[in-house]
Amino acid sequence: MKKTFFAKVYDVARRIPKGKVATYKDIARLAGNPKAQRAVGMAMKNNPDIKIVPCHRVVGSDGKMHGYSAKGGIASKIRLLKKEGVVFVENRVNLNISRWNKLKG
DNA sequence: CATTTGACAGGAA
DNA sequence: CTTCCTGCCAAAT
């Protein structure tokens with residue numbers, strides 16, 4: 001049973017801890033292909049269930065976010081992240097602090 | 001099998 | 001800082 005790349009992406013996205021965010025690139029890398037960040041974005045948008053995949057914890061490499069398939073769109077995404085404790089600066093995530101996998105869990 | 005899609009990333013101007 | 005272009009990918013059509 002070979003998992004599709006999307007399945008791996010969902011699996012990785014699910015293990016993002018609360019209060020942290022990961023970049024599309026990070027997920028692509030953890031999913032097995034560091035260059036497949038575009039496919040990662042596609043997976044998010046094609047997400048099977050927004051409830052089991054915390055897509056809102058996935059942001060761009062700059063801490064900027066591009067979209068959100070769930071209700072409310074980006075605005076809601078920002079709000080959720082803030083609520084979880086992610087550090088924001090203006091409309092950007094402070095990856096230096098809130099990036100997952102950075103160091104020492 | 002060919003083409004299109006995009007919630008990317010990195011670089012250049 | 002913004003805008004435009006290029007490279008790359010897997011899934012969908």
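Everything numeric here is computed off the predicted structure, so don't read it as measured data. Chain letters run A, B, ... following the sequence lines, proteins first and then strands; every chain starts at 1.
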Report yes if at least one side-chain N or O of A:Asn33 is closer than 4.0 Å to OP1 or OP2 of C:dC8; otherwise report no.
->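 Negative; the distance criterion is not met.
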
Pairs satisfying salt bridge (Lys or Arg N to Asp or Glu O under 4.0 Å), at least one member in residues 31-45 of chain A, at least two apart |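 Checked against salt bridge (Lys or Arg N to Asp or Glu O under 4.0 Å) - neighbours excluded - no pair reaches residues 31-45 of chain A.
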
Contact list (N/O, under 3.5 angstrom) for nucleotides 2-4 of chain B vs protein:
none

Check every strand shown and say whether A:Thr4 touches a base, only sugar-phosphate, or nothing at a heavy-atom separation below 4.0 Å.
->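 Here A:Thr4 touches the backbone only, sparing every base.
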
If you take all heavy atoms of [X] and [Y], which pair is closest and at what distance?
| X | Y | value |
| --- | --- | --- |
| A:Ala22 | A:Ile16 | CB-CD1, 3.9 Å |
| A:Phe6 | A:Ala39 | CE1-O, 3.5 Å |
| A:Lys77 | A:Val58 | NZ-O, 2.7 Å |

Using whole Å, report how far [atom1] of [X] lies from [atom2] of [N].
| X | N | atom1 | atom2 | value |
| --- | --- | --- | --- | --- |
| A:Met42 | C:dT13 | CE | C1' | 12 Å |
| A:Tyr10 | B:dA7 | OH | P | 14 Å |
| A:Ile78 | B:dA7 | CD1 | C1' | 13 Å |
| A:Ile27 | C:dA10 | CD1 | P | 16 Å |
| A:Glu90 | C:dC1 | CD | P | 11 Å |
| A:Asn47 | C:dA11 | CG | C1' | 14 Å |
| A:Ile16 | B:dA7 | CD1 | C1' | 13 Å |
| A:Phe5 | C:dA12 | CZ | P | 13 Å |

Is any NZ, NE, NH1 or NH2 atom of the basic residue among A:Arg14 and A:Asp11 found under 4.0 Å from an Asp or Glu carboxylate oxygen of the other?
->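 Salt bridge between A:Arg14 and A:Asp11, a charged N being under 4.0 Å from a carboxylate O: yes.
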
Going by the side chain to side chain donor-acceptor pair (under 3.5 Å) test, name the single residue among A:Lys18, A:Lys20, A:Arg79, A:Arg57 that passes it with A:Glu84.
->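 With A:Glu84 as partner, A:Lys18, A:Lys20, A:Arg79, A:Arg57 yield a single side chain to side chain donor-acceptor pair (under 3.5 Å), made by A:Arg57.
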
Working for side chain to side chain contact (heavy atoms under 4.5 Å, CB included), residues A:Arg99 and A:Thr23 | CA-CA 8 Å; A:Arg99 188 176 193 180; A:Thr23 68; 3.4 Å; yes

Residue met sooner reading DNA chain C from 5', once A:Arg92 and A:Asn46 are mapped to nucleotides |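 Its nucleotide being nearer the 5' end, the pick is A:Arg92.
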
Between protein and nucleotides 8-13 of chain B, map the contacts as a letter string: B base, S sugar-phosphate only, - none, heavy atoms under 4.0 Å, written 5' to 3'.
-> BSS---

